[in-house]
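Counting convention: from 1, in listed order, for ligands and their atoms alike.
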Amino acid sequence: MNKSTLERLVKAAGAARMFAYAPYSGFPVGAAVLTAKGKIYTGCNVEAASSGATCCAERTAIYKAVSEGDTEIVAVCCLADTDEPLAPCGICRQVIMEWGPEIEVVMANTKGETRVMPIGDLLPAAFTRNDLSK
Ligand code: THU
């Protein structure tokens, strides 16, 4: 991924983080999804009093893209105020993997630090749709 695309994604994730609804954890997260069309979909974490109903920022952004028929996901960026660039949780890794092992995951923090890895490396030996086809 080139530098300007990375910067656009990080900026979009940072802006989306401002909308986080995180009254329980106090941990706002922003995300941005880039699709093959060049569109960016943003998301934030949305918590609920029943904590299991919480949706992470990454999934909010992915569900926005997919629900608009834009399923060719190229990259997913997630950003929070963490010491190290934010690594996506296990559930989000599984959901990102649904759209392909080559998807670039841009992990970022509010200090401007980034780390980029393909989802296939972040979720090795993944359970995928291929396992259901037997
Ligand atoms: N969270 C995300 O939105 N993305 C991550 O990658 C890690 C965790 C949210 C879920 C919850 O609202 C809060 O952060 C604390 O776990």
Side-chain angles (χ1 to χ4, degrees):
M1 163 176 326
N2 64 42
K3 193 165 172 262
S4 78
T5 304
L6 185 137
E7 283 171 1
R8 270 175 68 213
L9 281 174
V10 170
K11 198 174 167 196
R17 179 172 168 269
M18 299 301 158
F19 296 119
Y21 178 72
Y24 304 105
S25 70
F27 187 74
V29 181
V33 164
L34 174 70
T35 67
K37 290 179 184 171
K39 272 196 81 172
I40 289 179
Y41 298 83
T42 58
C44 60
N45 50 335
V46 182
E47 298 184 346
S50 175
S51 53
T54 291
C55 191
C56 289
E58 297 91 322
R59 278 176 288 142
T60 303
I62 290 169
Y63 297 155
K64 279 170 71 177
V66 173
S67 62
E68 292 191 24
D70 205 352
T71 57
E72 241 185 284
I73 294 170
V74 173
V76 177
C77 174
C78 54
L79 180 148
D81 184 14
T82 40
D83 287 340
E84 302 292 327
L86 177 70
C89 81
I91 295 173
C92 290
R93 291 180 197 208
Q94 183 73 46
V95 172
I96 297 167
M97 178 60 99
E98 182 66 26
W99 308 99
E102 312 294 336
I103 293 172
E104 299 261 44
V105 179
V106 179
M107 297 165 269
N109 63 16
T110 52
K111 292 186 282 185
E113 297 168 336
T114 56
R115 183 176 184 201
V116 185
M117 282 174 77
I119 188 62
D121 288 1
L122 278 171
L123 191 66
F127 174 76
T128 69
R129 58 187 301 147
N130 299 331
D131 297 303
L132 291 171
S133 62
K134 262 205 102 193

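- Put simply, the side chain of Ile62 does not reach to within 4.5 Å of the side chain of Tyr41, judged on heavy atoms.
- Residue Leu86 approaches ligand 1 through these ligand atoms, each under 4.0 Å from one of its heavy atoms: 6 (O).
- With hydrogens and angles left out, the side-chain atoms of Asn45 and Tyr21 include no donor and acceptor closer than 3.5 Å.
- When non-hydrogen atoms are compared, ligand 1 lies under 4.0 Å from the backbone of Cys56 as well as from its side chain.
- For atom 14 (O) of ligand 1, the nearest protein heavy atom lies closer than 4.0 Å.
- Taking a cut-off of under 4.0 Å to the non-hydrogen atoms of Cys89, the atoms of ligand 1 that pass are 6 (O).
- Checked against a 3.5 angstrom limit, the closest N/O atoms of Ala57 and ligand 1 fall inside it.
- Of the residues Leu6, Ile73, Leu9, the one that meets the side chain to side chain contact (heavy atoms under 4.5 Å, CB included) test with Leu34 is Leu9.
- Atoms of ligand 1 found under 4.0 Å from any heavy atom of Ser25 (numbered from 1 in listed order, with element): 13 (C), 15 (C).
- In this structure, atom 16 (O) of ligand 1 lies nearest to the protein heavy atom Phe27 CD2, 4.7 Å.
- Nearest approach of Arg59 to Val95, heavy atoms of both residues: CD-CG2, 3.7 Å.
- The atoms of ligand 1 that sit less than 4.0 Å from any heavy atom of Pro88 are 6 (O).
- Pro88 is listed as a side-chain neighbour of Leu122, based on a closest heavy-atom distance under 4.5 Å.
- For Cys78, the closest heavy-atom approach to ligand 1 does not fall below 4.0 Å.
- Heavy-atom contacts from other residues, nucleotides or ligands closer than 6.0 Å to CD of Glu102 number 12 or fewer.
- Contact of the Asp70 side chain with the Lys39 side chain is registered, since non-hydrogen atoms from C-beta on lie closer than 4.5 Å.
- Within the 4.5 Å cutoff, no side-chain heavy atoms of Met107 are placed close to those of Thr114.
- Within a 6.0 Å sphere centred on CG of Asp83, other residues, nucleotides and ligands contribute 12 heavy atoms or fewer.
- Looking at atom 6 (O) of ligand 1, its nearest protein heavy atom turns out to be Glu58 OE2, 2.6 Å.
- The shell of residues lying under 4.0 angstrom from ligand 1, judged by heavy atoms, excludes Cys92.
- An N or O contact shorter than 3.5 Å links Asn45 to ligand 1 by distance.
- Atom 12 (O) of ligand 1 has Glu47 OE2, 2.5 Å as its closest protein atom, hydrogens excluded (heavy atom only).
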